[in-house]
Amino acid sequence: QVQLVESGGGLVQAGESLRLSCAASGRFYSIVAMDWYRQAPGKQRELVASITSGGSTNYADSVKGRFSISRDNPKNTVYLQMNSLKAEDTAVYLCNADAKISPWSPRIPYWGQGTQVTVSS
């Protein structure tokens, strides 16, 4: 089992920055990929950014140039640096990790509980 704990959300003004963290713990062989999703009221959950264990990253078009995802593999922690925040970035941000429990097991997705980010305009 893998537990994910997010932190760093809050209320900020438009144009300000926030940094989210997500730490993975538990019994697992490896974390293959770690992602940040977000879900706003009445909207579908969307992928914001992802990073592989090798450091390859991918971003939603809406956050390119403003958000940066990074990862500390020894600490099994992923970060999301969010700059130039906009009101439309307001959402619950959820951490996702694809983990292998053993070398021969398939990748299994795990989710954190989410952290609220509110941007006032």
Side-chain angles (χ1 to χ4, degrees):
Q1 280 284 27
V2 178
Q3 293 81 42
L4 301 174
V5 178
E6 300 113 328
S7 61
L11 171 63
V12 296
Q13 301 272 3
E16 294 184 340
S17 299
L18 278 175
R19 188 191 194 209
L20 305 182
S21 300
C22 172
S25 63
R27 300 186 67 178
F28 50 88
Y29 171 73
S30 67
I31 303 286
V32 180
M34 300 187 82
D35 315 305
W36 285 99
Y37 285 74
R38 66 186 180 187
Q39 187 160 22
K43 294 188 178 182
Q44 286 189 330
R45 185 174 296 183
E46 64 170 341
L47 177 64
V48 176
S50 62
I51 186 166
T52 66
S53 57
S56 297
T57 59
N58 187 48
Y59 297 93
D61 288 342
S62 58
V63 306
K64 282 181 181 177
R66 300 188 298 122
F67 290 11
S68 177
I69 190 170
S70 60
R71 180 171 171 170
D72 186 333
N73 286 332
K75 294 183 178 179
N76 293 309
T77 299
V78 64
Y79 305 96
L80 185 67
Q81 178 67 42
M82 305 186 294
N83 299 327
S84 303
L85 282 161
K86 305 176 181 179
E88 51 263 43
D89 294 318
T90 296
V92 174
Y93 283 70
L94 302 111
C95 177
N96 170 266
D98 282 354
K100 293 172 67 70
I101 305 303
S102 67
W104 52 84
S105 67
R107 296 165 56 160
I108 301 174
Y110 294 89
W111 292 91
Q113 80 287 353
T115 184
Q116 177 69 45
V117 171
T118 303
V119 184
S120 63
S121 56

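When reading the values below, keep in mind they use all heavy atoms of this one structure, side chains included, and skip hydrogens, waters and symmetry mates.
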**Asked** Ser17 and Val12: which non-hydrogen atoms are nearest, and at how many Å?
**Response** O-CG1, 4.1 Å
**Item:** Distance, nearest 0.5 Å, that separates CG of Asn83 from CZ of Phe67
**Value:** 8.5 Å
**Exercise: identify the closest heavy-atom pair between Tyr59 and Ala49** = CD2-CB, 3.6 Å
**Fill in**
Note: Arg107 and Asp98 closest approach over all heavy atoms is NH2-OD2, 3.0 Å
**Prompt:** Of the non-hydrogen atoms in Ser62 and Arg66, which two are nearest, and what is the gap between them?
**Reply:** O-NH2, 2.9 Å
**Set of side-chain contact (heavy atoms from CB on, under 4.5 Å) partners for Gln3, sequence neighbours left out** = Gln1, Ser25
**Message:** Hydrophobic cluster membership, with links at side-chain heavy-atom distances under 4.5 Å among I/L/V/M/F/W/Y: are Val78 and Phe28 in one?
**Reply:** yes
**Message:** With side-chain contact (heavy atoms from CB on, under 4.5 Å) as the criterion, how do Leu94 and Arg45 come out once you've worked through the C-alpha distance, each side chain's angles and the decisive distance to 0.1 Å?
**Reply:** CA-CA 9 Å; Leu94 302 111; Arg45 185 174 296 183; 3.9 Å; yes
**Message:** Under a plain distance cut-off of 3.5 Å, with no hydrogens placed, do Thr77 and Asp72 share a side-chain donor-acceptor pair?
**Reply:** no
**Item:** Same apolar cluster: Ile69 and Leu85, side chain cutoff 4.5 Å
**Value:** yes
**Prompt:** Going by heavy atoms in the side chains, are Arg38 and Val92 under 4.5 Å from each other?
**Reply:** no
**Prompt:** Quick one: do Leu4 and Ile31 end up in the same hydrophobic cluster if we chain Ile, Leu, Val, Met, Phe, Trp and Tyr together by side-chain heavy atoms under 4.5 Å apart?
**Reply:** yes
**Face-on cation placement of Arg19 at Tyr79 ring, 6.0 Å and 45° thresholds** = yes
**Reported OG-to-CD1 distance for the pair Ser56 and Ile51, which is rounded to 0.5 angstrom** = 8.0 Å
**Prompt:** Can Asp89 and Lys86 be counted as an ion pair, charged N to O under 4.0 angstrom?
**Reply:** no
**Message:** Would Arg71 and Trp36 count as a cation-pi pair here, with the cationic atom under 6.0 angstrom from the ring centre and within 45° of the axis?
**Reply:** no
**Request:** Please report the closest heavy-atom contact between Val2 and Ala24, naming both atoms and the distance.
**Result:** CG1-CB, 4.2 Å
**Request:** Kindly determine whether Val117 and Leu20 satisfy side-chain contact (heavy atoms from CB on, under 4.5 Å), including the steps that lead there.
**Result:** CA-CA 9 Å; Val117 171; Leu20 305 182; 4.1 Å; yes
**Message:** Hydrophobic clustering (ILVMFWY, side-chain heavy atoms < 4.5 Å, transitive) - are Val5 and Met34 grouped together?
**Reply:** no
**Complete:** Rounded to the nearest 0.5 Å, the OG1 atom of Thr52 sits from the CG atom of Asp35 at a distance of 10.0 Å
**Asked** Between Lys100 and Ser105, is there a donor-acceptor pair closer than 3.5 Å when you use the side chain of the first and the backbone of the second?
**Response** yes
**Closest approach of Tyr93 to Glu6 (non-hydrogen atoms, all atoms of both residues)** = O-OE2, 3.9 Å
**Asked** Is the closest side-chain heavy-atom distance between Val48 and Tyr37 below 4.5 Å?
**Response** no
**Message:** Counting C-beta onward and ignoring hydrogens, is there a side-chain heavy-atom pair between Tyr110 and Asn96 closer than 4.5 Å?
**Reply:** no
**Message:** If the condition is side-chain contact (heavy atoms from CB on, under 4.5 Å), which residues does Thr118 pass it with, not counting sequence neighbours?
**Reply:** Leu11, Thr90, Gln116
